[in-house]
Amino acid sequence: MSNKYREFTQLNLPSIEQEILAKWDAEQAFEKSIEVREGAVPFVFYEGPPSANGMPGIHHVISRTLKDLVCRYKTMKGFKVSRKGGWDTHGLPIELGVEKELGITKEDIGKKITVEEYNQKCREAVLRFKDKWDDITKKMGYWVDLNDPYITFKNEYIETLWWLLKQLYNKGLLYESVSIQPYSPAAGTGLSSHELNQPGTYKDVKDTSAVAMFKAVRNEKSEFLFKAISNTEQGIKNDELFFLAWTTTPWTLPSNLGLTAGGDIDYVLVKTFNPYSGKPCAVVLAKALLHKYFPAHIDEFEEGGDLYEAINNWLNHDSDEFLIEKSAGLKIQFDGIIKKKQLPHKIVATFKGKDIEECRYEQLLAYEANKETGGDSFRVLVDAFVTTEDGTGIVHTAPAFGADDFKVGKKYGIGILTMVDREGKFVDGLGEFSNRYVKNYKDEKDYVDVNVDICVKLKKENRAFKVEKYEHSYPHCWRTDKPILYYPLDAWFIKTTALKDKMVELNKTINWKPKSTGEGRFGNWLENMVDWNLSRSRFWGTGLPIWKTEDGEEEKCIGTIDELRTEAAKADKELGTHNSQLITHNLDLHKPYVDDIILVSATGKPMKRVPDLIDVWFDSGAMPYAQWGLDYDKVKNGDKYPFKLPAGVEKFEDLYPASFIAEGVDQTRGWFYTLHAISSLVYESVAYKTVVSNGLVLDKNGNKMSKRLGNVVDPFHTISTYGADATRWYLITNASPWDNMKFDIEGIKEVQRKFFGTLYNTYQFFALYANVDDFAFKEAAIPLNERPEIDRWILSSLHTLIKKVNESMDDYEPTQAGRLIEEFVDEHLSNWYVRLCRRRFWKGDYEQDKISAYQTLYECLETVVRLIAPVSPFFSDAVFNNLNAITQRFHAASVHHVDFPAADESLIDTDLEERMQLAQDTSSLVLSLRKKQNIKVRQPLQKILIPVLNTHMKEQLQLIEDLIKTEVNVKEVEYLTADNSFIKKKIKPIFQTLGKKLGAKMKAVAAALGNFTQEQIAELEKETVYNLLIDNEPVPLYLTDVEISSEDVPGWLVANKGSLTVALDVTITPQLVNEGNARELVNRIQKIRKDSGFELTDRIDVQLSGADTLAASISEYKSYICAEILADSLELVQETANGTEVEVNDLLINVQVSKKGG
RNA sequence: UGACCUGUAGCUCAAUGGUGAGAGCAGGAACCUUAUACGUUCAAGGUUAAGAGUUCAAAUCUCUUCAGGUCAACCA
């Protein structure tokens, strides 16, 4: 084995990664990383199964990076982290993909292609891109077990789903009901929301809309309305009072069972006339919509006229004599304004929606068929979904034909009427409308719109207030192009609402990152939970394990394949069915096979499986259990967790619930919900303790990535070009994982250059000199107190970093952790420690100071690579191995097998870190002052002046004085203490503490301080308290409440940062000029050395010409110059043979450098 | 339409309610380097999406509006 640290030729992340990947493969590094933690506390991780039906994208890389880094981190923290992969293989996208490929539609299934063939195609399609997924998984460095993944279409998986469903069934949590779903009568099928979201399904159509008049029944509830239309003592002469409700689907009116108002919406009762018959009436509608039906002003209707009198007679006095009818002239006038829909009106009452709750009305279109409603119908209901944007603010409610209607109808128990059959036509027993299609579903040439006829009938019967064509957007079946109906369809539900409180309570124990998703989006979702509709009418998926007799009287829920076998055999015996031919060893639980199995009921009747498949979300939500499959012995025992256990696991509690899961935020109501629901319902437990939901990956302009826009980022290309580590680092540190991120390749380049480049260079620097000196960490570690201050400082910073990184990682804040590491590597390690210590590595002998430098830098590098290992698994492992190969400090083949660094508090010295910060700030200020005066750093200056505010500050500065002096090239540092009247001081309140104390007086105090004189500041400093007078009240101001800083040192060049002030003496004496020249000359000659390609150790001879004015400098600093440039001689000559022309402080000279023996 | 998230410099992101809103990148100017694809310094860049409110004090809390996003829905 070589005893030299490996030096890279250049930083090439992709090639390093390939090398490491090969090494991992050869050494089984992933498996080993779990083995080394055998017997440790498990950290349970669930892999949300991707669908291998599509290509992996960059957004998959971010969530998998997140999962991977947490798992790697926890492994390094000493947990055993098993990671079983999985594939989601059912679902509509797969069916649609197959249909597209075969050029068929759903209708062709069972006709052009058998269900058997179709499902076979789906089975082949689902893992189509598995190779690509495996490839990206490997290349991005995602450690997950792909050898034994769970696959949702496998029998063992489906069987576990059945078992779970049966648990729910037995608890009475699985039931059959109706739900209102989009339905296409023309195609005879329900439509999924996905199908409804196809482009072009929503079309603008003109429909006949009607504002129908529902006649109120006079009773206790409605009495206040009836009283309001008649305030005469004679009582009411006209009791026609109506609720107005609007519909764009008049065909739903025969199925009307309720009217829904908004509880807090203002309604008015208006006296007016029927716009079609002119008959006086009173109507109720939302106040906000009054002027949609009634003009604010009517021209023809002027005060004093006969018509005015006549109308007022009714509107205001409730006279039973309707004068208009008695005068032909008035009648013509009146009909005129009515025809123009200029309805005279008067508001006689204003009230809230909740005031008319439970008022009753007469059925609008009563026929034989809708006599029995199955509930307490024809009431006014109240619900929040009502708005005053359209219509009348009262919603006609037909529970069969709207999801909201159904919901509110169920709440009030108004029953349900479905007066339209599945073909889209009215049922028998609806008089003239019987058997007519509600839309033109059969393409009848002379189709007469039944909606128009309904409206005509309403007009004739004085039950229409407004009938007009209304243009709106309405969904159409994407296959038949016909309008869909919302229609009640049978479906199976999981009664999640029964366990709602439990689910809400359990959710509060889950650690959500970010918190708001759990409380907000997820919390609200739980609060407004509805029962989970499991049914899907599709082909490729998990079948519902319920068999029913034809009459629907008896049903059976099957929980295992064994049970199915037993029941099937029983049926064969009792009914003579041929199930045994179907249930063979290669039984397939998919359609059509499972549908062919006939079971027998308790009373001996044949039972067929209900044709529904279940929602694929149940598949993935059940993965904590189904990924292991059922253990029959445990099922027989009635174990709580009858699942198989992988080798080395003794109890299911070591696999459940998950310690951590992570997916995109779009899974909140998807996977996160179904995991939570199933776990809560079956086990009353959470399914996961911590969940991180990451945001989307957008393109660099903030647009969603889509194939159509061509802005998708190919992760394969990104990784092969820039490396997985740079990509991962960028994805994690650019923004918090839960924020949407704008993905820009430039960002990866920057990470590569800035972070990895810097770390790489630091390593290279170390390797370069360590190889020269054969440093292999063989010496005992030098005790901290024997190391120089700068070493103690970087180690202190390092351990502060370790502490913070641990905290951030434990809090699932990898972004914070990554940024902290970046800052350390860049600001502290590379640009301060290494820069200031450079000479220690190449100057002098191999003894304590040098060894200390090597040890310190080594420790930093070794620690940093362990810190970055979770995020950047490849580069860290490469550097770790390069280091460890020489020193053998760890007996581990990979950084992923060692422990994560733990902070040693005893190494942390906050004072030291503070004063180094002070040194950096001071240097920065001096450099900035030099810049202002255009004095280069190589020109030595005499001194700087630092006003110190207290003794602590002075002590701190004194300890780093030498450092500052070398860094900024000045000869001395002078301190000005507080009692110095020479400095001009500034006073500023500390708002944070003082504000809390003073409250409202804060402003006045701040103003007073702004006007403080130097004398006042001095007094405060001396007495430590100053009594201010604010609004004639004494306000004591303490020294601790303010920040006093020096603002200016009169006569000096001054710069400030915070409370630090530095003054620089910019006088350059001839003495200083000489020294400056000498240093400048050294610099030029070093450059010549480098350009000439000399070795670091080559000795040289130097001759200078044209440098007479530098003679003084050279003679004074000759030994210094020679030492720096490794020259054995340095002479001034008249002319050089073939020298190089250089410029030393505006002076052109000629330099001849010759290598000794060269 | 609803729920939730986001909106800060040209770009990517910071800023326990505490008062001159900070970095990095890009672009401009200069400098430094026997590790450098580094760095240092300077200048420039902001109505913190808009408006109102609460508060002694708001980028931060509340409300409204606008824009982008996610999920759910689209109904009279």
Visitor: Under 4.0 Å between any heavy atoms, over every strand shown, what does A:P475 touch: base, sugar-phosphate, or nothing? Just pick one.
Guide: sugar-phosphate
Visitor: Within less than 4.0 Å of OP1 or OP2 of B:U36, is there a side-chain N or O belonging to A:Y760?
Guide: no
Visitor: What's A:R835 touching, base or sugar-phosphate or nothing? Going by heavy atoms closer than 4.0 Å.
Guide: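 The answer is base, as A:R835 lies within the cut-off (heavy atoms under 4.0 Å) of a base atom.
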Visitor: Determine which pairs satisfy salt bridge (charged side-chain N to carboxylate O under 4.0 Å, His left out) with at least one residue from residues 824-834 of chain A, sequence neighbours left out, and list them in order.
Guide: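 As it turns out, the salt bridge (charged side-chain N to carboxylate O under 4.0 Å, His left out) pairs with a partner in residues 824-834 of chain A, which skip direct neighbours, are A:K754-A:D826.
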Visitor: Quick check: on RNA chain B, is the nucleotide nearest A:Q1086 upstream (toward 5') of the one nearest A:N831, or the reverse? Name the residue that is more 5'.
Guide: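 Its nucleotide being nearer the 5' end, the pick is A:Q1086.
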Visitor: In whole angstroms, how far is the P atom of B:U36 from the CD atom of A:Q752?
Guide: 19 Å
Visitor: Which residues satisfy the salt bridge (charged side-chain N to carboxylate O under 4.0 Å, His left out) test with A:E807, sequence neighbours excluded?
Guide: none
Visitor: Using Watson-Crick pairs (N1 to N3, plus N6-O4 or O6-N4) and G-U wobble pairs, both distances under 3.5 Å, which stems of at least 3 pairs involve RNA chain B?
Guide: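 So far as stems of 3 or more pairs are concerned, RNA chain B shows B:1-7 with B:66-72, B:10-13 with B:22-25, B:28-31 with B:39-42, B:49-53 with B:61-65.
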Visitor: side-chain contact (heavy atoms from CB on, under 4.5 Å) with A:A770: which residues, sequence neighbours excluded?
Guide: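 Expected list: A:Y5, A:F766, A:F775, A:Y854.
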Visitor: Show each protein N/O and nucleotides 28-30 of chain B N/O combination with a separation under 3.5 Å, one pair to a line.
Guide:
{"unit_1": "B:A30", "atom_1": "O2'", "unit_2": "A:K931", "atom_2": "NZ", "d": "3.0"}

Visitor: Does A:K742 make a side-chain N or O approach to OP1 or OP2 of B:C11 shorter than 4.0 Å?
Guide: no
Visitor: Answer yes or no: side-chain N or O of A:R838 and base N or O of B:U34 forming a donor-acceptor pair under 3.5 Å.
Guide: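 In this structure, the two groups form no donor-acceptor pair.
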Visitor: Provide, to the nearest angstrom, the distance between the CZ atom belonging to A:R930 and the C1' atom belonging to B:C31.
Guide: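 Checked: the CZ to C1' distance equals 12 Å.
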Visitor: Just say parallel, tilted or perpendicular for the rings of A:H676 and A:F522, cut-offs at 30° and 60°.
Guide: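 The rings of A:H676 and A:F522 stand perpendicular, inter-plane angle above 60°.
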Visitor: Output one line per pair: protein atom, nucleotide atom from nucleotides 20-24 of chain B, and distance, for all N/O pairs under 3.5 Å.
Guide:
{"unit_1": "B:G24", "atom_1": "O2'", "unit_2": "A:E750", "atom_2": "OE2", "d": "2.9"}

